Protein chains: 2
Amino acid sequence: METRELRYFVAVAEELHFGRAAQRLGMAQPPLSRAIRQLERRLGVDLLERTSRSVALTDAGAVLLREGRAALDAVEAAERRTRRAHPGSGAGLVLVTKAAAATEVLAKMLDAYAAEPGSVPVDVVLCSVGEQEGMLRDGRADVALLHKPFDSITGFDVEELHSETQVVVLPAGHPLTTRKHLRMADVDALPDLPMARWPRRDGTYGGGPGPEIHDQAQLLQLISLGRALVVLPESVRPYLTEGHATVPVLDAPTVTTVIAWPPHSTSRALAGLVRAATGL
Amino acid sequence: METRELRYFVAVAEELHFGRAAQRLGMAQPPLSRAIRQLERRLGVDLLERTSRSVALTDAGAVLLREGRAALDAVEAAERRTRRAHPGSGAGLVLVTKAAAATEVLAKMLDAYAAEPGSVPVDVVLCSVGEQEGMLRDGRADVALLHKPFDSITGFDVEELHSETQVVVLPAGHPLTTRKHLRMADVDALPDLPMARWPRRDGTYGGGPGPEIHDQAQLLQLISLGRALVVLPESVRPYLTEGHATVPVLDAPTVTTVIAWPPHSTSRALAGLVRAATGL
DNA sequence: CGGATCGATATCCCCCGGGTATCGATCCGC
DNA sequence: GCGGATCGATACCCGGGGGATATCGATCCG
């Protein structure tokens, strides 16, 4: 099976429409139809149920969509990492993490690694929540800082770096700020102060009373205005202003910062970075 | 990058010889040379250092060899699993495990799953040590029983099923059989009774005094003949004869049987099998 | 019932991936 | 040191396949 065939199939399977898929691929519809037919004939499997008015995935088609996406990610990763390995292409490693997360650990880690003999330059890329895994998988990044239990670490090798408890961030002067500690039940359903809602991976928001949040700065401002609250790892404290107060939440899950990388990576540079990180 | 180009490059990178690589690929040498040149030009990266007498990998070439193998495995997996998803192609799931390992757990697991409503047929494939990971990665299998800490589980999702201690298998009547328990130091360097050596993944054997073993039956016979000893999980006991004796080894690592599957798998059948296995 | 939508078919073209012949450079044996 | 052998690169040719355009046939809708 050729990469091109996979790209074609994934496009059609995602659009469920030959015309739109062809447009997305920058080609005409007839050769796309023919290519998919050829793919089905070569595999000996029906991938799509077509009527003259609709296209639907068969079970086998669903399998190929899932597996094909993973395969295309792997091919893309091979290409990107090879390009990046070109002598004189700048960065040796690309590390990806969420904005304003684990900055302490990150800074120490980068310093420790840079001090090692034979270390290579490390590009730090910040991205939005839930995007790191994809970047590791398709080679835009080589290594990531993730946060259990929020980020999925399935399919990666990981080393734990740092664990911390969570605190609720409240507007200064809120009645609950006098408490020594709280439980999730205390903060879950405050009618006057709803919990902020983060976007999901696809950019949409689930239902709920809280305001929809786009970034941390916006969130912290909303809190100091008395419009929301949020439960965050305690390392958020350096980012807070006098408008905020924090109270430990006893039964919120412990957040663990981990360093994660694709399991087949064996590069010397990556091994050095991981060693520097775990040796802190 | 096309699958064909990747296959060509991997062949050349493995052979380090255009002629042999072309032969392996079933084609002539000139188009292969040209294809590799085109690949280098498109990527903008030198992959191979050629003289008229030798071929060597550049750093970038080494990256592409590693990443490209993973990508080819993923493409192959997509193709195989799609073919297997064809209605009427027999097995719904392929489970791979080592011969004579964890048979107890396996049997119970298969029974429990088969009893579930909506279960699909499961093909059980036995293979030699260290080959399971490759079969999971390139789609020859969907799920595997692996044994920590012997098998590498990097890159897979796993659930632990069963843990057991290890025992040393000795010829009946050997002086050490009178002991209640032993330590690795006791069995490591018995001059009269060397530890058997298993083949490595590539089929070769490391150095050492012990006999080279090909399968478990051969091993057990060698032990009863007084020519070798071996440390194995205690569940090996049902396979032993009156020519063998076992003594627990206190400081041998605990062996854990795990069920493992590729992390992006989301099939209903696989989920059911994992649930049946962990629910035992 | 007629137009619109959408995938399939028919047909053409040309590029690219494959083959053969050969060259140029390096190594080796005598 | 020279001639043959080895091995990758180059030159050139050919055929198939992947792309485009024109059109058809089926279905849905007003």
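Proteins get letters first, then strands, A, B, ... in listed order; numbering begins at 1 in each. Fair warning: this is a prediction, and the values are worked out from it, not measured in the lab. FYI, side chains are in, hydrogens and waters are out, and symmetry mates aren't considered; it's all heavy atoms of this structure.
Judged by distance alone, with hydrogens and angles left aside, the side-chain atoms of R84(A) form a donor-acceptor pair with the main-chain N or O of G139(A) at under 3.5 Å. Judged by distance alone, the side chain of T82(B) and the main-chain N or O of A78(B) form a donor-acceptor pair under 3.5 Å. A donor-acceptor pair is defined here as one N or O able to donate and one able to accept, closer than 3.5 Å; such a pair exists between the side chain of E40(B) and the backbone of L47(B). Within the 3.5 Å criterion, the main-chain N or O of V120(B) finds a donor-acceptor partner in the side chain of Y113(B).
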(request) Determine which bases of DNA chain D form Watson-Crick or G-U wobble pairs with both distances under 3.5 Å, and write the result as a 5' to 3' dot-bracket string with | for other-strand partners. (result) ||||||||||||||||||||||||||||||
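Put simply, CD on E79(A) and OG1 on T3(A) are 9.0 Å apart, with the number rounded to the nearest 0.5 Å.
Rounded to an integer number of Å, the gap from L32(A) CG to dT21(D) P is 14 Å. At whole-Å resolution of the value, CZ in R34(A) and C1' in dG17(D) are 7 Å apart. The CZ atom of R41(A) sits 11 Å away from the P atom of dG18(D) (whole-angstrom rounding). Taking atom CD of residue Q29(A) and atom C1' of nucleotide dT21(D), one finds them 12 Å apart after rounding to whole Å.
A salt bridge is absent between R80(B) and E67(A); no separation between the charged side-chain nitrogens and carboxylate oxygens falls under 4.0 Å. The pair E14(B)-R7(B) does not count as a salt bridge, with every side-chain nitrogen at least 4.0 angstrom from each carboxylate oxygen. Under a 4.0 Å N-O distance rule, the pair E76(A)/R137(A) does not qualify as a salt bridge.
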Review item, side-chain donor-acceptor pairs of residues 266-275 of chain B, under 3.5 Å, at least two apart:
residue	atom	partner	partner atom	Å
T266(B)	OG1	R66(A)	NE	3.1
S267(B)	OG	L270(B)	N	3.1

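Q38(A) comes within contact range of the sugar-phosphate backbone alone, with a heavy-atom separation under 4.0 Å but no base atom that close. When heavy atoms are screened at a 4.0 angstrom cut-off, R50(A) is found touching the sugar-phosphate backbone but no base atom.
A 4.0 Å heavy-atom criterion places the boundary nucleotides of DNA chain C facing chain B at dG17(C) to dC27(C), written 5' to 3'.
A residue-by-residue look at Y8(A) and H17(B) shows that H17(B) has its nearest nucleotide of DNA chain D further toward the 5' end. Nucleotides of DNA chain C nearest to L16(A) and A35(B) differ in position, and the one nearer the 5' end is that of L16(A). Mapping P30(B) and R42(B) onto DNA chain C via the closest heavy atom, the residue that lands nearer the 5' end is R42(B). For the pair R4(A) and R53(A), nearest-nucleotide mapping onto DNA chain D gives the more 5' position to R4(A).
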